[in-house]
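I have placed the structure first, in the form of structure tokens, so that the comments after it can refer back to it.
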Amino acid sequence: MNEDYGQILKALGWIDKAMDYFRQYKPETKGMTINYRNRNAEIELLLYIPDNLKRKIRKMEIPAYQNFVISDMRDESFNRIGDLWWFEDDKWKLSPSNLPPSERYLLTLKGKLSEDALTKIVFVQPSANKDRTKEVERYWLASMIRNVEILEKLWDALNVDDVTASVKIGIERSLSSTIPKDLKGRLKAAQRWIRAGRGRDREEIGRAWREMRGTTKESKISVDEIVDIIYKLTNSEVFSRFLTLDSPYTVGEVRREETFKGTFPERMYVEASTYLTLKQPAATGFLTFKKKDYTETVKKEFEELL
Amino acid sequence: MNIKSKLNEQFLTFLKNIEREIQKVWEKPKLIHYTDHGVEHSERIIKTIGDLFESSQDPDMLNPYETFILLASAYLHDVGMQSARHADLPDKPEYTLEDKEIIREKHAESSAKMILESVQPNSDFSLGLEGCEEYVPFIASVVRYHSGKRRNDLNSLKDSSLKGEYVRLKLLAALLKLADELDRDYRRINIKELKFLPLPIESKFHWWTHHYTQSVTINDGRIKLYFRFPEEYRESKIKDVFIKKTQHLIKEELEEVSDVLWDYGIRLTLDSNIGDINYVPKGVVELVPNDLSDCIEEDIFNVTSHIVPWALPKENIPINIEWSKDMVFDEIRIEIPDDFRFVEFLNVKEKEYNITGNIATISSVIECTLPDAPMYYGFIVSSTEIPDKLKVAKKILVEFLRGDKAIKSLKLYARIFRPMLEVTKIVEKIELHDDQEKLEIPINLKYIGFGDIQLKIEAGIGGRIVRESIVYELLRRLWLSDVLADESVSEGNEGKRRKIHVEPTLLQEFSEQLGKKIENGDIAGMLGMIDEGDVEDFKRWLSDVKTKDKFMEVVYSRIEDLLLDLLTDLLERHPTDSVKLANARTKVKAKIELPIENIKIRLIYTDPIENEYPPIEIPIRIEDKRVKKRKTIIDIPIIIEMAEDPLTNVAEMKMEEG
């Protein structure tokens, strides 16, 4: 059930610690973007660094918790301040006396979040099973911010980008049901060999082996040509053409999923990506795979081989 | 602050001319509206603008030109409410309510047009702008942006300059727009007229918030609201709805102009603490009409819900509910079916919900303070049982309660679909004769359920269950075709290597899996296909780097065949769109020693979330009629013929509760 505020803050790791460090400079969070897929987080803090004696004598040193980086700093006029920060002894350091005349500075920090932190921030679920029609297969997608208060307390403007729900789309039937006759002959011979292999009749195995070799010689299509086609049709760019997603979802990463690397893919791994904000805390929609079109394309490719 | 006192004599004269002409317009209006747009309204706006400046860091920030433009705009901004022609409506003796709503919608643009037109030489009307033509385009611009379709687009208004002085149009438009919105107390509307008009309910709600607003004050940048309500509402939550709605409207307005005003040091906040509520007798203040009262408790709260359109048994079902911030309720009650459970609540603090059996109550949800952010929460439920039926729809009741009364009820249906497998044909008895080395058992199955399943077939004879894996199958195939024993096959394989790209890790994985199985003594699957002695040989093969490499060399030389084989396997393992076989082949290898033996076949199927459905058990009697070969091991492959007629398009499927 719900985690309490402290636990979530703790899970946010470096952000919590950096915020804590900057507390003395009255930080105002101007924006926070979390990329769910790559777990990158970017936070913009407006710091108030008064031009007083403390500023002249005190050096700022922040331990680089979980390797976060200070990627940008700007003054009140939004001018980028050069490389005043330096990294030394696992700490980000700045001598405030070098700061140009301004009292407010916009600091951008970048770093990674743990998977645990993301899980505490966002709920994501695709349907476990597909619905289908004659034309398509579809999966529902649901995502939601788990707790707006915590996020709002930290950040007035929060974007969680690339919230991804992953779906595995089976393509084996699209491939197997369209295998051309010529290859099916080879497969039949191969099957005979396989079935012979189940027994202990070495003569039968030999006969099946020879038959299989024979069909291979006669065949116009080689296995590697079939493999090439399958690889072409499971290329992410090609496969993406057969996917549609309801707004606010878009297609993210698409790749083959293989039991053994290098063999025939049985499924395609598809990421449906969306974004969530405090004003749009939930997103629902469908991922649709145009299976009929895809199967027809596979068939056409095989026919062109003959 | 009296902003008019900032004007010099000339500007005061200009302004008096405008005031005089506009007074004429509103004294004998052509169109009667239920809202006040007359000179009194303009005077209140001017006072409010003065109050806004008092809250700023620089009360004298406007130059004289800007002050005049702003004050002239305050008098003229609603003049378009008196012109049907400028709202593109024809001249009529009477205008309908719909016409008047069109005029209202377009009035900012109409006012701007009229201001510009009024100083044209051939104009047939005057707005008192004669003599100050050079300011007219600026006045028109400020007026144009105070309402209507451009109201949210202040940033497209560009600042200008006149006689060497800035004319900060964006600032002026923001001030007029906000001051106009803040003139929102009961004086603004004619309730006697309004209450009988068949206005859209949203408009009614908007205008009734004015009726209940006693006063709006601005002090030190804090906007404070004072309300008055009929005595009857003292204990009613309906007043909270109006207070929230008013706060929401002002917050929205503030949000739209705050960036512009902030840039000029005018910092405003809405005081969340309202002043004391004044309860007055009915008659002085009207009760909300019935239709509005009903709608306040219904659709005006914009309650939306989403439940996923299908789910497997025991699958998590996410549900989310959103509504507008205006809705006031004491708690949310959720009732789920007895065979369901609550899995998780989203955007609800742990101490704010309580679960008792199949009922959960939520006392409050987490609220985002951003003005446009919706109120929402989510909850996840799942069924706890696997239903017998292929499809069931289970009701989930969500009620927003105020006191004991449900002010909003939502009936949501969790639609559960399950996979189902049927046996369509089996043989009850098989005879075994001397000339047989193999005993095929055909089983015809039909898939009629929803979604994908993985089917495991187990067969047992004398209690022994046999399963196989593809790794064993590959190994056995190579072994039995004498590949490993035949040196000549492995030599000279270089030339035969195909150009197929195979990930090197594939071979590595085969080798490792084989090695592990043999190392761990996991040889049950291999027995029957190779002798126990051979297993020892094999262990030696794989433990020696040289021979292992040689074995892998052979595997590599035969890779085309292996790939072909995997493809065949793919075909065999996916007999239909919905069914995947856990293993391509299942068979029992057994010595049948009794004259009558029973073979038991178990069909176990699981869905993608690993729900295991009640297995199908098929007993088949084997009558051994052999005389000579009674002691030989025979193969009993199970041949599955699959058909399917699955549930499709379940998202659109009509279902009855059950």
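Letters go in sequence order (proteins before strands), and every chain restarts at 1. Computation of the quantities below employed the complete heavy-atom set of this structure, encompassing side-chain atoms and omitting hydrogens, waters and symmetry-equivalent molecules.
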When every non-hydrogen atom of Pro374(B) is compared with those of Leu278(A), the smallest separation belongs to CD-O, 4.2 Å
Looking only at Pro281(A), Ala282(A), Ala142(A), the option with the highest number of non-hydrogen pairs under 4.5 Å against chain B is Pro281(A)
Ranked by heavy-atom pairs below 4.5 Å to chain A, first place among Ile380(B), Asp607(B), Leu647(B), Val308(B) goes to Val308(B)
Applying salt bridge (charged side-chain N to carboxylate O under 4.0 Å, His left out) to Glu367(B) and not counting sequence neighbours gives none
Turns out that what part of Ile453(B) lies under 4.5 Å from chain A's heavy atoms comes down to neither
*Answer yes or no: are there more than 12 heavy-atom neighbours, outside Lys292(A) itself, under 6.0 Å from its atom NZ?*
no
Under 4.5 Å to a heavy atom of chain A? For Phe450(B) that would be both
Expected contact set for residues 127-140 of chain A against chain B at heavy-atom separation under 4.5 Å reads Ser127(A), Ala128(A), Asn129(A), Lys130(A), Asp131(A), Arg132(A), Thr133(A), Arg138(A), Tyr139(A), Trp140(A)
Across all chains, not counting sequence neighbours, the salt bridge (charged side-chain N to carboxylate O under 4.0 Å, His left out) partners of Asp577(B) are Arg173(A), Lys291(A)
Output yes when a side-chain donor or acceptor of Gln125(A) lies under 3.5 Å from a complementary backbone atom of Asn316(B), and no otherwise. yes
Flag if over 12 foreign heavy atoms under 6.0 Å of NZ, Lys279(A): yes
Residues at least two apart in sequence or cross-chain that pass salt bridge (charged side-chain N to carboxylate O under 4.0 Å, His left out) with Glu352(B), listed by chain then number, are none
> Counting only heavy atoms not in Tyr376(B), do more than 12 fall under 6.0 Å of its OH?
Replying inline: yes
Assert top hit (heavy-atom pairs under 4.5 Å, partner chain A, pool Ile609(B), Val365(B), Thr576(B)) equals Thr576(B)
Applying a strict 4.5 Å limit to non-hydrogen atoms, the region of Pro419(B) in contact with chain A is neither
Ranking Asp452(B), Leu312(B), Ile317(B) by heavy-atom pairs under 4.5 Å to chain A gives rank one to Asp452(B)
d(Met144(A) CE, Phe379(B) CZ) to nearest 0.5 Å is 9.5 Å
